Amino acid sequence: MYDFTKYFLMINESDPVETEKVIIAYTLEKTAGQIDWDRDTMRAKIPSEHGNLNHVCRVMDAKNHSIYIKQAGLQIRISADMTASVDRNRQESEILQIEEKMAPGMVPHIYFYDTVMHACGMEDCSDFEVMRDAMLKHETFPRFADDISTFMVNTLLLTSDVVMDHREKKELTRKFITPDLDDITEKLVLMEPYLGAKRNNVYAPNKSFVEKELYGDQALHLEVAKLKFNFMTNAQALLHGDLHTGSIFIRKDATKIFDCEFGTFAPMGYDIGNVIANMIFAFDNGLSTDDTAFCDWCLDAIRDSVDLFIKKFTEKYDEVVTEPMAKVPGFKEYYIGSILKDTAGYAGTELHRRTVGMANVVDVTSIQDEKKRLLAERINIFAGKDFIMNQGRFCSGVDYVQAILQAKKRAEETL
Ligand code: SR1
Ligand code: MG
């Protein structure tokens, strides 16, 4: 009935009835031999929550089988003016398959991917919650720092030149060159928040503050320029590339990382910095309702994520390093030192771009009270500037906590 040998957009949010029929037919065809569907009770539903780029649909039956179908559209969902190669679906699927080997159980399993429909079938993780939603409800997760640090150490260290055979790594680098997605990051994160792009989303009451602190600070621009060219040229490891709380499924007892379509070879600190910044957005939200216990948990999670990353990276380095020159005494410390510097820098750029750039975060934009929203935004701007301008000073988790509290104090003084 349907022809899946030629691309068309299967998931159409404005026609859920037709979408259901198409997606059920598609799922039956693509998972034949893998999932024994109960055809009579199969359903396919478009969830209310989406990411910025793709289309998703959840398929399930009464016998507890379920799967997520994710399809890349020719346009990206957040903006009809922006395009990104539909091949991103293959890249994401392949990266998840690599990450599944390196961090077992920490990413959704990929059942299949299809380079005609630019779609994949992914493990249904709906018994988890998207972490950003949980952060908005001020839930806390005791395993988070341990899990996220394990994921980052495994996926980043094991795809770096100190471990992976150089030829294999260069082959992988070639395979995961993603010009369109990199271009989004290079512009949205590492340029537009500083040059006052038209498509920036600046909260009107904070406009003059943003103009002074971000658009008008030449010394800051120079450091961000260095971070931008480091991102573009330092193919250090295979990153997730968009490791924010909306890319994490979480439960009290487990964590799974998904949505790695921005995966690319770039500096490890970009992923680590993203985690830190997004936990600061959660902290901002906690502050807006005076939820001290939640704010304290966010700060502890930031501290522990950084410290556990350093500890596990240091220990694992000795176990897995293969490159003889990377065993030269002092090199490991130099290498980790440079990762930590990058981490601070990219935590800063993520803080800024989510506050004033095109893609904001609901943790901050949902704060209704003007003064509290300004407080949140100014914490992000001050902390981000501190991270970027003093990258060498952020060597442990407590350095971040102190800087966040200092930024809060400075932000309060402006109001
Ligand atoms: C144009 S896409 C905007 C943002 O959404 C994604 O999650 C990435 O963070 C990207 O920068
Ligand atoms: Mg995403």
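In this text the structure is predicted, and so the values were computed from the model without any measurement. Each ligand, and each atom within it, is numbered from 1 in the order the structure gives. Atoms considered below: every heavy atom in the structure, side chains included; atoms not considered: hydrogens, waters and symmetry mates.
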Original post:
Testing D242, D182, T173 for side chain to side chain donor-acceptor pair (under 3.5 Å) with T264, which one passes?
Top reply: D182

Subject >> Residue D259 atom name (nearest to the Mg ion (ligand 2); N/O/S) >> reply: OD2

Original post:
Counting only N and O atoms by type, is there a donor-acceptor contact under 3.5 Å from the side chain of Y400 to the main-chain atoms of A344?
Top reply: yes

Original post:
Counting N and O atoms only, with roles assigned by atom type, does the side chain of D61 sit under 3.5 Å from a partner on the main chain of N64, one being a donor and the other an acceptor?
Top reply: yes

**OP:** Evaluate whether atom OH of Y2 has more than 12 neighbouring non-hydrogen atoms of other residues, nucleotides or ligands under 6.0 angstrom away.
**Re:** yes

**OP:** Examine R354 relative to F281 and say whether NZ or CZ is less than 6.0 Å from the centre of the six-membered ring and inside a 45° cone about the ring axis.
**Re:** no

Subject >> D304, T245, V275 screened by side chain to side chain contact (heavy atoms under 4.5 Å, CB included) with F144, the one that passes >> reply: V275

What are the atom names and distances for all N or O pairs under 3.5 Å between ligand 1 and the protein?
| unit_1 | atom_1 | unit_2 | atom_2 | d |
| --- | --- | --- | --- | --- |
| ligand 1 | 5 (O) | N52 | ND2 | 2.7 |
| ligand 1 | 7 (O) | D242 | OD2 | 2.6 |
| ligand 1 | 9 (O) | D242 | OD1 | 2.7 |
| ligand 1 | 9 (O) | D242 | OD2 | 3.2 |
| ligand 1 | 9 (O) | R353 | NH2 | 2.9 |
| ligand 1 | 9 (O) | R354 | NH2 | 2.9 |
| ligand 1 | 11 (O) | R353 | NH1 | 2.8 |
| ligand 1 | 11 (O) | R353 | NH2 | 3.4 |

